[in-house]
Undergrad: 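Pasting in a structure now, in structure tokens, and then I'll have a few things to ask.
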Amino acid sequence: MGNVTFELADHIATLTIDRERALNALNRELLADLGAAIELARAERVRCIVVTGAGTRAFVAGADVGQMATMTRREAAAFSELGNRVFRTLERLPIPSIAAVNGYALGGGCELAMSCDIRLASTRAVFAQPEVGLGITPGFGGTQRLARLVGAGIAKELLFSGRRIDAARAREIGLVNDVVEPEALMDAALGLAREIAAQAPIAVRATKEALTLGQHVDLDTALGVEVAQFASCFETNDQRGAMAAFVEKRTPAPFEDN
Ligand code: DAK
């Protein structure tokens, strides 16, 4: 995967978007590499994914404008579908993901961060959906996920104006969970990833599934989803072991994902 590095440690996969010379801008090849890295994380049964950008300046400075500049409508549709498929796969993966936003998260970069479950930002992070200034709409989910995260009013302000916001404002509107100093970002992301990875993986996956499936249906249907996911955790070794340890006042053994 030439444009994405994959590191695996302690059940955590760190995916680094690695095209620093173009501020990690997303081209077709990079999107394909990202898709492959996500599938590798799935195959390795990792317990959490951290996504970040190489270097100190950018998380991802957007889709590759050079590559998009001369696209036909048909090529643009295929590009948008590719990005959407990869981002949706990440979002629908039953593995929690954390975006460690280390710099520019513009256009497709903001959209990639929004496809992760949790966003942590460095004080250097800058967010925007500047597409209307390039004569296009956001094409990797920005018109949909931003409003779901921050509400329609703020999303419309950002999407219609293309204006940039800093990390503090991103936190204020709920676009990011937390803001830390640049040198503390990866420790914060990996620390949270380790906390998640220490929980029962089957339960974490079921929780993400319940949240994801339940988000866009009515409450009664969503609660039905919760019942099914709750029940699916029972009779697993991890559930039996953790509850027996609690009842017997012992420290539980580490979870084994079975
Ligand atoms: N694409 C390609 N190259 C980029 C890039 C990008 N998005 N962003 C930066 N680069 C490249 C620059 O061209 C430059 O390359 P060289 O000239 O050195 O070869 C290098 O990265 C360093 O950038 P700068 O020299 O410009 O660095 P500065 O510090 O001066 O400025 C900047 C940093 C991030 C403010 C600036 O580079 C910038 O404004 N970049 C563009 C940011 C942007 O507009 N991003 C949004 C792109 S639009 C769709 C599918 C997807 C999308 C929409 C529709 N469909 C198919 C429907 C998504 C769209 C977007 O993401």
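Remember, it's 1-based here, ligands and their atoms both numbered in the order they're listed.
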Undergrad: Quick one: look at E75 and ligand 1, take heavy-atom pairs under 4.0 Å, and tell me if it's side chain, backbone, both or neither.
TA: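 For E75, there is no contact with ligand 1 at all, from either part.
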
Undergrad: Could you tell me if any non-hydrogen atom of R21 lies under 4.0 Å from any atom of ligand 1?
TA: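 Yes, R21 has a heavy atom closer than 4.0 Å to ligand 1.
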
Undergrad: Using a distance threshold of 4.0 Å (strictly less than), state whether atom 23 (O) of ligand 1 has a protein heavy-atom neighbour.
TA: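 So atom 23 (O) of ligand 1 has protein heavy-atom neighbours under 4.0 Å.
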
Undergrad: Tell me whether D218 contacts the main-chain N or O of D220 through its side chain, where contact means a donor paired with an acceptor under 3.5 Å.
TA: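 Yes; at least one donor-acceptor contact below 3.5 Å.
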
Undergrad: Does the protein put any heavy atom within less than 4.0 Å of atom 7 (N) of ligand 1?
TA: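 Given the 4.0 Å cut-off, atom 7 (N) of ligand 1 counts as touching protein heavy atoms.
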
Undergrad: Do you see a donor-acceptor pair shorter than 3.5 Å between the side chains of N3 and D18?
TA: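 No, because no side-chain N or O of N3 sits under 3.5 Å from a partner of the opposite role on D18.
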
Undergrad: Just by distance, do the side chain of E111 and the backbone of G142 share a donor-acceptor pair under 3.5 Å?
TA: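 Confirmed, E111 side chain pairs with G142 backbone.
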
Undergrad: Counting from 1, what ligand 1 atoms have a heavy atom of S80 closer than 4.0 Å?
TA: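 Counting from 1, the qualifying ligand atoms are 55 (N), 56 (C), 57 (C).
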
Undergrad: Please identify which atoms of ligand 1 are closer than 4.0 Å to at least one heavy atom of D64.
TA: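 Those atoms are 1 (N), 2 (C).
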
Undergrad: With the threshold set strictly below 4.0 angstrom, can you tell me whether any protein non-hydrogen atom sits that near atom 13 (O) of ligand 1?
TA: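 It does not; no protein heavy atom is within 4.0 Å.
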
Undergrad: Is atom 10 (N) of ligand 1 close to the protein, meaning a heavy atom under 4.0 Å from it?
TA: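 Within 4.0 Å: yes, protein heavy atom nearby.
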
Undergrad: Can you find an N/O atom of P130 closer than 3.5 Å to an N/O atom of ligand 1?
TA: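 There is no such contact.
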
Undergrad: Report yes or no: does R164 have a heavy atom closer than 4.0 Å to ligand 1?
TA: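 It does; at least one heavy atom falls under 4.0 Å.
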
Undergrad: Indicate yes or no for a side-chain donor-acceptor contact from R45 to the backbone of R42 under 3.5 Å, with no hydrogens or angles considered.
TA: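 Such a contact is absent between R45 side chain and R42 backbone.
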
Undergrad: Can you name the atoms of ligand 1, numbered from 1 with element, that are less than 4.0 Å from a heavy atom of T137?
TA: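 Those of ligand 1 that fall under 4.0 Å from T137 are 53 (C), 54 (C).
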
Undergrad: If you take the nearest heavy atom of each of G141, G139, G103, which one is closest to atom 53 (C) of ligand 1?
TA: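 Heavy atom nearest to atom 53 (C) of ligand 1 belongs to G139.
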
Undergrad: Nearest heavy atom to atom 32 (C) of ligand 1: which of Y104, F79, F140 does it belong to?
TA: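 Going through Y104, F79, F140 one by one, Y104 has the nearest heavy atom to atom 32 (C) of ligand 1.
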
Undergrad: Enumerate the atoms of ligand 1 whose separation from the nearest heavy atom of L134 is less than 4.0 angstrom.
TA: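 It comes down to these atoms of ligand 1: 44 (O), 47 (C), 48 (S).
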
Undergrad: Quiz question for you: does at least one protein heavy atom lie closer than 4.0 Å to atom 38 (C) of ligand 1?
TA: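 No; the ligand atom in question lacks any protein heavy-atom contact below 4.0 Å.
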
Undergrad: Taking the minimum heavy-atom distance to atom 31 (O) of ligand 1, which of E131, M71, R57, E20 ranks first?
TA: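 It is R57 whose heavy atom sits nearest to atom 31 (O) of ligand 1.
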
Undergrad: Number the atoms of ligand 1 from 1 as they appear, then name those within less than 4.0 Å of a heavy atom of G108, with their elements.
TA: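 Numbered from 1, ligand 1 contributes 60 (C), 61 (O).
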
Undergrad: Pairs of nitrogen or oxygen atoms closer than 3.5 Å, one from A63 and one from ligand 1: do any exist?
TA: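 A63 vs ligand 1: N/O contact under 3.5 Å present.
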
